[in-house]
Amino acid sequence: MSLRSVTILGSTGSIGVNTLDVVARHPDRFRVFALSACSRIEELALQCEKFRPRFAALPDALPAEILRKRLKASGCETEVLSGDNALSDIAAHVNTDVVMAAIVGAAGLSSSLAAARAGKTVLLANKEALVMAGGIFMNAVRDNGATLLPIDSEHNAIFQSLPRHFAAGLSNVGVRKIILTASGGPFRTRPVSELHSVTPDQACNHPNWVMERKISVDSATMMNKGLEVIEAHWLFNAPADMIEVVLHPQSIVHSMVEYLDGSVIAQLGNPDMRTPIAYGLGFPDRIDAGVGALDLAKAGNLEFVAMDTARFPCVRLAYDALRLGGTAPAVLNAANEVAVDAFLNGTLGFTDIPHVIEDVLGSTTIATATTLADILDADTGARHAARERMTSFSLQRTAAT
Ligand code: NAD
Ligand code: MG
């Protein structure tokens, strides 16, 4: 078996750490070629010492210099790169085969795209790359012969439940619809009238998955599911009305595909991201992920509940953006990132998050998304509009107190 050379973009994050956990179980299959992060330098240093990659890349020069000195002191020969192109350079490097794209947010777009343009096997966790620039990204995959494997657990489940030749078109392979499951997050049953006063810590207390704060808030508002609807659209070439969301509080069924003959094929497992990560790393083989066996008898009931858009308006907003097309999903994503950041900093209420996004979507001129510059312009404009909108929210809140 030939060793596959793996680059991990965002190696200190939750997905990055889980990827290294799976890689470490298979020294006969994988070697780490490059790692990247933007903070947690000591953690990155320890990863370099353990996995001995050829490169470590950081966007900023100062933390890169700290890491360089730190590694020199310990005799680790990993070369430290920094600067605007450092992440894209390791993603597209001729000596890497597999790129795990696991940077969070819009910041992951250009390096994920660089991997696709270089024809790599791209394990895509960074859903924002598809939300913002799905058309451009999918064209890059197709035109450069890249292999795209979804790591988001729902999309990985759908990928596993579709026939291999699904690119022929979902209707041509007998698919009626794609069913994304959603846990409903920590506020699934909390009275809607109480949601305006929930705190960041309450929003980050997810019942089934351990995640960082941004994606945890996205799970609580269910914008995460909204982004995943857009992600599914691009990955599987599925129109909005072929994608359905159903609440499934146990997070055991990770998503499903319904066929014309009435069959529904699902992928099940314990909620542990190492399963989709191992699927992507091993593809087309199955490899050990370190995940325990699913005990269905112990799990007991598996519930499914209809989606409530009055409770979770962010899902409706994401469908709206998908139907609007062009730069609308990038606007949605940028406004959401700014609003979530403000909520986490205590300057915006939880239920104001969808208000900010809706206002920004409604007041922005949606353009066609032909080039990356179109997307980045839309992203910048939406961030600016969201900040302005939030200023008026905080003024209103101050006036009301
Ligand atoms: P995280 O916040 O734990 O880690 C993010 C990583 O990206 C870190 O290594 C960080 O250093 C790096 N990073 C952050 N900002 C950066 C920047 N500006 N430039 C360069 N690097 C930067 O995030 P995560 O939970 O691992 O999620 C990563 C991606 O995977 C996200 O797009 C998320 O939506 C997706 N995802 C995560 C999960 C999960 O369970 N955590 C599940 C499905 C999909
Ligand atoms: Mg997911």
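Indexing begins at 1, ligand by ligand and atom by atom, following the structure's order. Each residue takes its place number in the sequence, starting with 1.
- Contacts with ligand 1 closer than 4.0 Å are made by no heavy atom of Ser153, backbone or side chain.
- Contacts between Arg40 and ligand 1 below 4.0 angstrom, taking non-hydrogen atoms only, are absent altogether.
- The proximity of Ile215 to ligand 1, defined as any non-hydrogen pair under 4.0 Å, is limited to the side chain.
- Checked against a 3.5 angstrom limit, the closest N/O atoms of Ser14 and ligand 1 fall inside it.
- With no hydrogens or angles considered, a side-chain donor-acceptor pair links Ser263 and Asp261 at under 3.5 Å.
- The part of Pro59 lying near ligand 1 is the side chain, judged by heavy-atom distances below 4.0 Å.
- The closest side-chain donor-acceptor pair between Ser11 and Gln47 falls under 3.5 angstrom.
- Side-chain contact between Leu46 and Arg40 is absent, with no heavy-atom pair separated by less than 4.5 Å.
- The part of Leu87 lying near ligand 1 is the side chain, judged by heavy-atom distances below 4.0 Å.
- By the criterion of a heavy-atom distance under 4.0 Å, both the backbone and the side chain of Lys127 are placed next to ligand 1.
- Looking at heavy atoms from C-beta onward, Asp241 lies in side-chain contact with Pro239 at the 4.5 angstrom threshold.
- Within the 4.5 Å cutoff, side-chain heavy atoms of Tyr319 are placed close to those of Ile243.
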